[in-house]
Protein chains: 2
Amino acid sequence: MNENKITIQKIAELAGVNKATVSRVLNGSATISQKTKEKVERIIKEYNYTPNTIARGLAVNKTFTVGFCHDYKDKRAFANHFFYKMLQGIENVIYDNDYLFLMMSRHEREDGTSMFERVVKERRVDGVILPSSLYNEANYRLLKEHRMPFVVLGEREFGHSDVRWVDVDNRQAAQLLTERLYENGYRRIHLYTDQEAIARDKFIADRIDGYTRTMEKLGLPAFVATSVGELQARGTEAVICCTHEQLFELLKETADGLPLPDAELGTFDENPMFQYFKRTVHYVSIDLEKWANRRRIFCFPSSIKKKTFRTLSRFPHFWREHQILNKGQMK
Amino acid sequence: MNENKITIQKIAELAGVNKATVSRVLNGSATISQKTKEKVERIIKEYNYTPNTIARGLAVNKTFTVGFCHDYKDKRAFANHFFYKMLQGIENVIYDNDYLFLMMSRHEREDGTSMFERVVKERRVDGVILPSSLYNEANYRLLKEHRMPFVVLGEREFGHSDVRWVDVDNRQAAQLLTERLYENGYRRIHLYTDQEAIARDKFIADRIDGYTRTMEKLGLPAFVATSVGELQARGTEAVICCTHEQLFELLKETADGLPLPDAELGTFDENPMFQYFKRTVHYVSIDLEKWANRRRIFCFPSSIKKKTFRTLSRFPHFWREHQILNKGQMK
DNA sequence: GTGAAAGCGCTAACAG
DNA sequence: CTGTTAGCGCTTTCAC
C-alpha cells in the first residue's frame, strides 16, 4: 500500500534510537533524557509522524472509541430535536477527550446477530452509550459478560444496582409545566398520553406522577387521558402532551377540524419549529448545551482524558444524586 | 483483563489445528478439507467465537469502518431534516455491508490539528464521506496524500476530475417549484436568497439558475432578492426561499408583523413540521428513503460487500450521469 | 491441505 | 536512561 508509510520503527532509525524510546517520548514517560526526547520530537515533527492508534490499541487492549447505539427503526428518535442536541453534546465531550465516536444501530444482520453485539464482543469500542429503550436484560448480560462499560440514556431499572444512567428530572418538569398552566389561569388541566407507554417508559410514568401531585397540591382534580375523546368530554382547558406524538396528534386537522380547538397545548422538550406553529405550544425544556458544557449531562468528567475508559462504569448518577432539575423555560 | 478471552489461537488448540487453518476457514479459503473445516466451525460455534476485526485490520491494513465528517459548528446541518434522512440512509448501507460508521466532526483540538485530519492520517477508517462544505483544497490534499477514498455530499468543483460526489438535481427542483407556483396562479414569483451563499454554494447557484430559466420559459421576469425589502417593493406574490433559513426569516413575526403576509412561500426539502405551520409552505423534496433503499443516493453499490473499500473511489456519479431528478412533491 | 514463522505498528516488562 | 524481547490477534507467504 502506502510504501513510504512512516512508522515508529522508521522514526527510531532516523533518530538513532530504539523504537521503545520513541514510544516513551510519545507517551510522555518521565524516564527520558531531555536530549533524546528533543531529538526524537524533532524527527517526529520533521517527518510529520502520527502514531497509529489502532496498533497502539491492539497492544494496550483499547480502542479509544466510544460507541453510541440507537434504534434505527425508531423514527421518533430521529425526528426528535432533543435527541440531536444530546448527540452533539456527547460528541463534543468525546472529541475533547481525544476519543472517537462510533455510531451503532440496533441493526440485525442476516446471520441473526446484531451489529451492536458484534461491536461489543470484538471490543471495537471502550465503552457504550445506549438509550434506555435499548437497555434490556439481554444487552445487560452481553455488556457485563464482556466487561464493557456503558451508560444508559434515560432512567430504567431492572434490579441491577450497577447500572449507570443519566436523565433529567421528569417529575419536576411536569410540575413546572402544570404550575405554569395554572398561573396562566387554566384549571381543567389534563394530561394526554399513550396507554402502552405508561407501563413501558419510566419517563412517562414520572411525568404523570409530577402532574398528578402538582394538581393535588393545587387542589384540582387530575385527569390522565389516553384518547382525544376523553379530553373532549372533560371540557379540557389545557392539555399536557406527554410526548410530541400526542402533541402532533392534537395539532393535526381532521375531518371535523382541530381535535381541541380551544384548549391550550403543553409539552416537554423544545422543538425550534414550535414558534412557527399555528397553535401556541407551552413547553418545558432543559438547556442541554449549558449542561453539556458542564460535562455533566453525559457523565463524562474531564478527568477521563488519556485514562482508561473503564472509569466510565464508576461515574456516579450525577442527575439523580445532585437532583439537578429541569430549568423550566416556558413560552 | 478478560483472562478467558477467546482468540484464534485458542480455537486452533481446541480444534487441534494451527491458527492459520482457523484463519483459512474464517476467510472461506478454498484449500481446506471439508473435514477440518467442519471441525473448526463446530468449535467456533461451540465457544461462540468472534474474530477480532481490529487485529484482522492491523494485519490486512483495513479498518472496516467508514467515516462521516460533519461540521459541528454548522447548526443548520443539525437542524436539517434532510441531513438526518441522509445519515440514516448512509448508516443502513454501511451496516448492510458489515462496515462500521464513525462520526467525525471538524473539531479542532488544542494542538491545532483536527480530529478529521488525525483519523485520516492514522487510517482509522477505510473511506470518508464529507459534506461539500467541508471539501476544500486542504482536505483534498490531505485525503489524496493518504490515499484515502472519499465521496463528497453535494456537488462542488475544484478542478479535480478525480473527485466523486453525489447530489440531487437542484436545477430541476427549482424548475418544478417555479412551475407549480405558476400553475397555482401566481405570476410575480420571486426568489429569496443569501447574497454570500450565491457564490459560495453551488446548490444555491443551481437553484437560482433553474428558477431563472423557468421564468424565462414562462415569459415572466425573474427576480432574485437578497433582502426582505426588495421582495416587499416588488409586490411579490410568491417567494421561493433558497434555504430554510430564508423561509424561517419570512415566517418570523417582527414588530411590523409578518414580512410578507400575503405572499405564498415555497422552498426546497421537506420538514415534517411544515404541516403544523401557521403559513402554508410549498416545497419540492426528494424521496430520500426510496433512493436510499435503491442504494444509489449514497453511491454504495451492494457489491462492495467484503471487498476493499477502495472501490468507493471508483464509483460513478450516479446522480449526474443518470440524471435522476427530484421527484417534485408539492403541498 | 496444513503447519511454521514472520509481520502489521505499537507497548511493556526486563535487563543492563 | 535506553535497548532487547516478547507479545496484542490476526493474516500470509513459504515449505512440506
Side-chain angles (χ1 to χ4, degrees), chain A residues 1-41 43-44 47 49-64 118 121-124 126 146 306-308, chain B residues 1-41 43-44 47 49-64 118-119 121-124 126 146 306 308:
Chain A
M1 181 149 283
N2 206 339
E3 298 314 345
N4 44 18
K5 191 172 11 180
I6 172 118
T7 70
I8 198 172
Q9 179 63 51
K10 283 228 182 64
I11 295 293
E13 284 163 13
L14 257 16
V17 296
N18 188 278
K19 60 180 182 172
T21 306
V22 179
S23 174
R24 285 186 189 105
V25 344
L26 245 25
N27 295 296
S29 166
T31 68
I32 277 275
S33 81
Q34 192 61 24
K35 220 179 83 191
T36 46
K37 188 182 164 192
E38 275 164 11
K39 184 172 61 184
V40 170
E41 276 172 347
I43 301 281
I44 286 176
Y47 286 83
Y49 164 69
T50 309
N52 184 320
T53 308
I54 296 183
R56 178 159 173 247
L58 189 64
V60 299
N61 197 27
K62 267 194 275 189
T63 61
F64 308 98
R118 211 174 94 184
K121 283 180 73 176
E122 292 184 18
R123 296 202 80 79
R124 287 187 71 167
D126 292 342
H146 295 274
K306 300 287 182 198
K307 282 196 209 153
T308 161
Chain B
M1 176 147 283
N2 207 339
E3 298 312 346
N4 43 20
K5 194 175 2 183
I6 170 122
T7 69
I8 197 172
Q9 178 64 51
K10 284 227 182 65
I11 295 293
E13 284 163 14
L14 256 16
V17 296
N18 189 277
K19 60 180 182 170
T21 306
V22 179
S23 174
R24 286 187 188 107
V25 345
L26 246 24
N27 296 296
S29 166
T31 69
I32 276 274
S33 79
Q34 190 63 21
K35 222 179 82 189
T36 46
K37 189 182 165 196
E38 276 164 13
K39 184 171 60 184
V40 170
E41 276 172 347
I43 302 281
I44 286 177
Y47 286 84
Y49 163 70
T50 310
N52 184 321
T53 309
I54 297 184
R56 178 159 174 248
L58 189 64
V60 299
N61 197 27
K62 267 193 274 188
T63 62
F64 308 97
R118 212 174 93 182
V119 167
K121 283 181 73 174
E122 292 184 18
R123 296 202 81 77
R124 288 187 69 168
D126 292 342
H146 294 275
K306 301 286 181 197
T308 162

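Just so it is clear, the structure is predicted and the values come from calculations on it, not from any experiment. Quick note on labels: first sequence line is chain A, next is B, and so on, each numbered from 1.
Counting heavy atoms from C-beta outward, Tyr49(B) and Leu14(B) have side chains that stay 4.5 Å or more apart.
Considering all non-hydrogen atoms of both residues, Lys10(B) and Lys5(B) come closest at NZ-O, 2.8 Å. Of all heavy-atom pairs spanning Ser33(A) and Thr36(A), the tightest one is OG-OG1, 2.8 Å. When all heavy atoms are compared, the tightest approach of Ala15(B) to Ile43(B) is CB-CG1, 4.0 Å. Minimum heavy-atom separation, Thr31(B) to Arg24(B): OG1-CD, 4.4 Å.
We find that CD of Glu38(A) is positioned 12 Å from P of dT2(D), with the value rounded to whole Å. Per the geometry, NZ belonging to Lys37(B) stands 16 Å off C1' belonging to dT2(C), to the nearest Å. Between the CD1 atom of Ile32(B) and the C1' atom of dG3(C) there is a distance of 11 Å, given to the nearest Å. Between Ile11(A) atom CD1 and dG3(D) atom P the separation is 15 Å, expressed in whole Å.
No more than 12 heavy-atom neighbours from other residues, nucleotides or ligands sit within 6.0 angstrom of NZ on Lys37(B).
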Notebook entry, point to check: For every nucleotide of nucleotides 9-16 of chain C, 5' to 3': is a protein heavy atom under 4.0 Å from its base (B), only from its sugar-phosphate (S), or from neither (-)?
Noted result: BBBBB---
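Looking only at atom types and distance, the side chain of Glu122(A) has a donor-acceptor partner in the side chain of Thr53(B) under 3.5 Å away.
Proximity of Ser33(B) to the phosphate of dT2(C): a side-chain N or O atom is located under 4.0 Å from OP1 or OP2.
A search for side chain to side chain donor-acceptor pair (under 3.5 Å) contacts involving Thr63(A) returns Asp126(A), not counting sequence neighbours.
For the helix from dG1(C)-dC16(D) to dG16(C)-dC1(D), the axis fitted to the five pairs at one end and the axis fitted to the five pairs at the other end meet at an angle of 40° (nearest 10 degrees).
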